[in-house]
Every structure is written in structure tokens, then in C-alpha cells.
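The block underneath contains the structure these notes are about, expressed in C-alpha cells.
Letters A, B, ... mirror the listed sequences (proteins, then strands); counts begin at 1. Hydrogens, waters and symmetry mates are skipped; everything else that's a heavy atom, side chains included, is used.
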Protein chains: 2
Amino acid sequence: MNSEFNIAVHCLTLLSLKKDHMANSDEIAKSVCTHPARVRKVLGLLRKQGYVTTKEGVGGGYLLNADSSKVTLGDLYRLLARGSLQPSWCSGGGESACVVSEHIQEVMERIYSGGELALERHYDNITLLDVTRDIQSENQP
Amino acid sequence: MNSEFNIAVHCLTLLSLKKDHMANSDEIAKSVCTHPARVRKVLGLLRKQGYVTTKEGVGGGYLLNADSSKVTLGDLYRLLARGSLQPSWCSGGGESACVVSEHIQEVMERIYSGGELALERHYDNITLLDVTRDIQSENQP
DNA sequence: AAAACTGTTATGCATATAATTACAGATGAG
DNA sequence: CTCATCTGTAATTATATGCATAACAGTTTT
């Protein structure tokens, strides 16, 4: 799995906690600890789904455009990480005349997608608001 | 995620379906479609957990040593894939004086391990016997 | 003693991930 | 209008991971 899901959670949490709910890619990148171009790539996807709006030009940046109690980690997982549970290499599918070899790929695909569904259902119960609260409670131990 | 979980499921299913529940790494590797050394590596781990026994020397190989209705995909996931949900690169942790940047890593770690727990609970309900049945029913559509 | 296995390590190669650079397009300030 | 600033996006490079392959010691059967 790559880290775009992580980055999305980070960015939205950050925007959610800022007073004006706004920041540009430079500021966000410093917090995320990555390159601004990477932040723009992820936030570009979030923009297409309507989670943020962008303002170009001087003083521009990204503006949160969603209710943090309505956005779930499930939404973000589906958008940015779906399919990553299944590895690119999978067993079987060769020329072996073996029942397992011939059918394992369909079976494993169901196993991976079933697992992913369980994962998504779990993440559907966690909202962005929950995450912002976690961040804040970590700040006051 | 790497494919050792997949390989483990494949190997145990294969052994389970063979009449004598036995095969050597060459035969298994052909079915899995990989190199025998890779099969030996995974089956070595399964041996340490008692799922299989090995017989060295001529006519040797791996022998299934478990009840397929008792072994779950959860067991195999924990053994071979636990921790793979969390990417190696994670956000935050830099020098940014930002609440999110300072605490996101602990929060994300909980998010990933919580997700993995949901995944494991799902896989705990699928046994190796279920998989062998799936393979066989794929064979007769 | 020889042959057939496993167990394990080392090496090379392919792929995936992240960093970086670059630049076109859009917008607001002056 | 023009310039500075910011997003959107593509191309390139660097690094990490995953897999294939080769090699060899150790074990067991014949």
C-alpha cells in the first residue's frame, strides 16, 4: 500500500483544525513531511470528490468543503487505497495441471476483496471528526 | 503486502487436497508458479508453527499436520502478513510545529492496527476447509 | 557412498514508491 | 495589463521492496 490514504487523512485533519479551514500546498507539505507536489496530487483527487475546493493565485490554497462528522475513513480508503490489499503477484495461473493452481486466483481474489470489505466497514465507523479529536487528546495527555 | 500469505494458503490447500497430504517443494512450486526456494521459505515458517512436518532425504517433502477445519485464514494472516497494512512511509514526524504533524503518527498507527484487527476477525471466520471447498466448487461450475 | 530432499543465504533484476524538477494554466494584487 | 503566486500535471531520478535464481551445507533414505 502507498501512503495516499494516510496523506488524505492528514490533510483533511489539518484543514479541519485550522481556524479558517484553509492552507496551501507548501504549508501542508511541511506538516505532512513530504513534497508539495505530492500534496497537490492527493488533494486534487479530494477536490474532484468535493471534499475540498481550491483557490488558485495569490493567497490561494485548499479549503475544506465537507462536514468532518460526515466524512469517514471508509470514504477515503475507497477513494485512495481500494485494491491495495491484494499483492501484484499472486500464486497459480501457470501451466500446472493441478486443481489448486487452476482455480486459486479466483478464490484468492474473493478472499482479498472480502477482507477489504471488512476493512471498509470498520473504517466506515470512523469519521474525520473522530480523528481530529484523537489528535487533540494526544496533545493533552 | 508481499504474497507469502497467498503462498501459505495455496500450499496448505494443495496438501489438504492431496490423497496422502504430502508433496515436495518442486511439485508445490510448479503449482504455485514460483521458485522452490520460495516455497521452502514459507513452508519453513509453517513448520515452525506446526502446520506441516518435513521429511528430508529421498522421497521427502512436506506433510500436512493440521485439521483443515481448525486452521483459519486469520491464523495465517497473523503469521505471514501482520503489519503489512501500514505503509513503510507515514506522514508527520518532521520538525513542523503543528499539532497534526506532531501526533498524526500515533493516531495513524492506531488506525492501521485497528483496521488490521477488523481484517483478522473477518479472516478468523474462514477456515482452510472453506478454501478447499471453494477450489473444488470452482472446478465444477 | 550416492542421490534426493530441506534450510538458508547471497545476488541480481523488476517493480513500486517517494522525491524532485519543470512548466502550463489560473487567479488576485497592484 | 502585468507580475507574483498558487494549483495541476507530467517527466525524471532515487530508493526500497519483492521475486527469481543460484549455491551450498545439512539430513535422510536407498
What pairs of donor and acceptor atoms, side-chain ones from residues 39-60 of chain A against any protein atom, are under 3.5 angstrom apart with sequence neighbours left out?
from, atom 1, to, atom 2, distance (Å)
A/R40, NH1, A/S25, OG, 3.2
A/K41, NZ, A/E4, OE2, 3.0

Inset, instruction - Ignoring backbone atoms, establish whether B/T54 has a side-chain N or O less than 4.0 Å from OP1 or OP2 of C/dC5. - result: no
Legend entry - Which residues share a salt bridge (charged side-chain N to carboxylate O under 4.0 Å, His left out) with B/E102, sequence neighbours left out: none
Legend entry - Contacts of type side chain to side chain contact (heavy atoms under 4.5 Å, CB included), residue A/C98, not counting sequence neighbours: A/S96, A/V100, A/S101, B/L14, B/S31
Inset, instruction - Scan for ring pair (Phe, Tyr, Trp, His ring centres under 6.0 Å) pairs involving residues 4-43 of chain A, sequence neighbours excluded, and state none if there are none. - result: A/F5-A/Y77, A/F5-A/Y123
Legend entry - Nearest-nucleotide 5' precedence on DNA chain C, A/M1 against B/K41: B/K41
Side-chain donor/acceptor pairs under 3.5 Å, residues 132-141 of chain A, sequence neighbours excluded:
from, atom 1, to, atom 2, distance (Å)
A/T132, OG1, A/L129, O, 2.6
A/S137, OG, A/R133, O, 3.4
A/S137, OG, A/D134, O, 3.1
A/E138, OE2, B/R110, NH1, 2.9
A/E138, OE2, B/R110, NH2, 3.1
A/N139, OD1, B/H103, NE2, 2.8

Legend entry - Residue pair A/V107 / B/V131, side-chain heavy-atom distance below 4.5 Å: yes
Inset, instruction - Can you see which heavy atom on B/L64 is nearest to which on B/S16, and at what distance? - result: CD2-CA, 3.7 Å
Legend entry - Contact list for DNA chain C against residues 17-28 of chain A - heavy-atom distance below 4.0 Å: none
Inset, instruction - Could you run through nucleotides 19-30 of chain C and give me one letter per nucleotide, 5' to 3': B if any protein heavy atom sits under 4.0 Å from the base, S if only the sugar-phosphate is that close, - if neither? - result: SBBB--BBBS--
Inset, instruction - Compare side-chain N and O positions of A/K48 against OP1 and OP2 of D/dT9 and report whether any pair is under 4.0 Å apart. - result: yes
Inset, instruction - Nearest whole angstrom, please: distance from the P of C/dA16 to the CG of A/N2. - result: 12 Å
Legend entry - Contact nearer the 5' end of DNA chain C, comparing B/S88 with B/G61: B/G61
Inset, instruction - Identify, with sequence neighbours excluded, every residue that meets side chain to side chain contact (heavy atoms under 4.5 Å, CB included) alongside A/C90. - result: A/Q86, A/P87, A/Y112, B/N6
Legend entry - Linked hydrophobic residues, B/L63 as query - side chain contacts closer than 4.5 Å: B/M22
Legend entry - Contacts of type side chain to side chain contact (heavy atoms under 4.5 Å, CB included), residue A/R121, not counting sequence neighbours: A/L117
Legend entry - Contact list for residues 65-91 of chain A, test salt bridge (charged side-chain N to carboxylate O under 4.0 Å, His left out), sequence neighbours left out: A/D67-A/K70, A/D75-A/R78, A/R78-A/E120, A/R78-A/D124, A/R82-A/E120
Legend entry - Close residues, residues 90-111 of chain B, relative to DNA chain C [heavy-atom separation under 4.0 Å]: none
